[in-house]
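In what follows, chains carry the letters A, B, and so on, assigned in the order in which the sequence lines appear, proteins first and then strands, with residues in each chain numbered from 1. The figures that follow rest on heavy atoms only: side chains count, while hydrogens, waters and symmetry mates do not.
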Amino acid sequence: MKRFIGFVTKEFYHIFRDKRTMFILFGMPMVQIMLFGFAITNEINNVNIAIFDQSKDNETQQIINKISASKYFKIVNQITHEAQIESIFRTGKVKAVLVFEKDFIQNLQNKKTAKVQVITDATDPNIANTITNYINAILQNYSQEINKNVKPVYQIQTQTQLYYNPELKSVFTFVPGVMTVILMLVSAMMTSISITREKEMGTMEVLLVSPIKPFQVVIGKVFPYIFLSIINAAIILLLGVFVFKMPIEGSLFLLALESILFIITALSLGILISTIAQSQQTAMMFSLAGLMLPVIILSGFIFPISSMPLPLQIISNIIPAKWFIIIIKAIMLKGATIHTIWKETLILIGMTILFIAISIKKYKIRLE
Amino acid sequence: MKLTLNMSITVQNISKSYNKIKAVETLSFAVNEGEIFGLIGPDGAGKTTLFRILTTLLFADEGTASVAGFDVVKEYKSIRNCVGYMPGKFSLYQDLSVEENLTFFATLFGTTIEENYDLIKDIYIQIEPFKTRRAGALSGGMKQKLALCCALIHKPKVLFLDEPTTGVDPVSRKEFWQMLKRLQQKGITILVSTPYMDEAALCDRIALIQKGKILKIDSPINIIEKYDKTIYDVRAKNTYQLLLDLKNHPSQYSVYAFGESIHYTDKETEFDSDTLKKYLEDKKHTEIEIQMTKPTIEDVFMDL
């Protein structure tokens, strides 16, 4: 036991004395969460648009007022000629142009229908899509308003309700996602690097020729990172809750337990990598190329798994991060209990046991 | 009862190859208890491989070996408890201070610095002024002293030192060997390897090894005494040209650079140094000096 404590103390010295490690451990989570939370977002705000009003009547003016009153759009230009549409898109000053047809009000009153055209700059398809949806919504709203007193003959009304994330805040998916990525990175990469560093520096040779048992070395290596990863997870959750107003609907205790489980899964993956890799560089490549990309792309963090081609959907099942994202989203947003997420939890436990079993089998008590 | 009862290390027909390249070939030797045994040979001779087999880090392809009475394969755990190992590469934690390194290795072996302080005292006293300094910031000589302290802290029965003085200044090297002598008096068996021939003379017995084979095992004095050739130390103004011309001498047996001069041996038993001098004068050499000299381990090695 004394031997183990001595070993863990040494590990903490390594971590606290290496500025790079400290940065990855504590700087990275904050930077990532801030980046994802503030900069990378699908929401739109203050989008510049132009108006091509060929009618210039009371009705169009009302619509324009409504649009400019919303916080989403800012009208920066009035176009007087059709040819200007193309050129204004070219300059990139506006993302969308709203075209009102000639005799808008007359058409509306006589033919009961009038046309508005929304032209968007689709170089960024997501934003173009969102803009169209937002403008549509405003126009719908307006047409309902003017029909208030008229009794429609037949009408189907859709009532949409968004559960769990009514404002469609992207931060709600990014916080669980970033937490997953960070825990994976810190746990898997840092342990695999710290074990391979001993191999590279030759200290592993000395450790092997000593009474310390291999599993003591491995647990001694992993122990500090469990501790630090828990702190990390706490920092991310605090940022999520207090800066981004992310709810935690479910039990905080369950969330903590699941996070610790995922940390251990990632650590065992790190140990597995270190049994294969001989140098810090290989370990880093393994963790970055072999873990980071799948975690970001195939876990459902950014791209929904259900819209992936079938082979990728199947592959995504072996990514531990996928299951963890399902678990924490369920706990944080839906208030799920263990009854609803036991399957995912079991999968993570199974993966952890598998990684540890392979590592023990592959761990070398000698140099070859 | 094994015959090797008072043998600290026995090696019997050990072979080891990496991808068909033989690193060590049917090596056999034995080291007595309390002996300083030197493995002398150039880089790539197989010294490190042998060390790793004996410290249970590698499996030999063939042969058996034992350390402190334990078999290197079956009883590797017992060996790991009672030997001190200093690998060729500096293998301490560079980001830990001198004291932290020593404390760590003490706890690793389940002991404390205080418990075995008398064993490392002589060495540790020299690095103690720097005990708060990070190991990575120490000079080469001090690193070696620290590594030796760490390898000694658990009072090992056998000490394995793989090229402990490579890259260390001459003064520190000398000090280092004085320490080894003192450790020997405390009953520790020491297996040490070195590429430096001058250090060979400081061992009790040496094995000259090259290309994975042992060429000779004996005490340094015997090895030198058994050398039957007369060596001439030749100097001239242009050493390089001298080397070339001596190599072209018809009856030369061996010619090689030795420090600032050249060592020359002749095939003929009735060799006359004046004839050689005349030969060199004909080749327009100046400031020629030819002296008979005592053979050293290096001369023996060059002859093998």
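- Sparse packing is recorded around NZ of B:Lys121, with 12 or fewer heavy atoms of other residues, nucleotides or ligands lying under 6.0 Å away.
- Atom CZ of A:Phe12 sits in a crowded spot, with more than 12 heavy atoms from other residues, nucleotides or ligands closer than 6.0 Å.
- Within a 6.0 Å radius of CD in A:Gln281, other residues, nucleotides and ligands contribute 12 heavy atoms or fewer.
- In A:Met285, the CE atom is not crowded: 12 or fewer heavy atoms of neighbouring residues, nucleotides or ligands sit closer than 6.0 Å.
- For chain A, the nearby parts of B:Phe109 are the backbone and the side chain; heavy atoms of each come within less than 4.5 Å.
- We find the CD-CE distance between A:Glu205 and B:Met86 to be 12.5 Å, quoted to the nearest 0.5 Å.
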Original post:
What's the verdict on side-chain contact (heavy atoms from CB on, under 4.5 Å) for B:Leu108 and A:Leu207, showing C-alpha distance, side-chain angles and the deciding distance?
Top reply: CA-CA 8 Å; B:Leu108 192 63; A:Leu207 285 184; 3.7 Å; yes
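- Here CD of A:Glu200 is found 7.0 Å from NZ of B:Lys89. Values are rounded to the nearest 0.5 Å.
- The part of B:Phe105 that comes within reach of chain A is its side chain, from C-beta onward, which places non-hydrogen atoms under 4.5 angstrom from that chain.
- Looking only at heavy-atom pairs under 4.5 Å with chain A, the residue among B:Arg52, B:Gln94, B:Lys77 that has the most is B:Arg52.
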**OP:** Might you work through the side-chain contact (heavy atoms from CB on, under 4.5 Å) test for B:Leu57 and A:Val209, ending with a clear yes or no?
**Re:** CA-CA 7 Å; B:Leu57 288 170; A:Val209 189; 3.7 Å; yes
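- For A:Gln216, no part sits under 4.5 Å from any heavy atom of chain B, backbone or side chain.
- The candidate from A:Arg197, A:Arg3, A:Met201, A:Lys2 with the greatest count of non-hydrogen atom pairs under 4.5 Å with chain B is A:Arg3.
- The residue among B:Ile79, B:Thr56, B:Leu96 with the most heavy atom pairs within less than 4.5 Å of chain A is B:Leu96.
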Subject >> CA sep, side-chain torsions, deciding dist, call: A:Ile212, B:Arg80, side-chain contact (heavy atoms from CB on, under 4.5 Å) >> reply: CA-CA 9 Å; A:Ile212 195 166; B:Arg80 289 180 181 190; over 6 Å; no
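- A 6.0 Å sphere centred on CZ of A:Phe26 holds more than 12 heavy atoms belonging to other residues, nucleotides or ligands.
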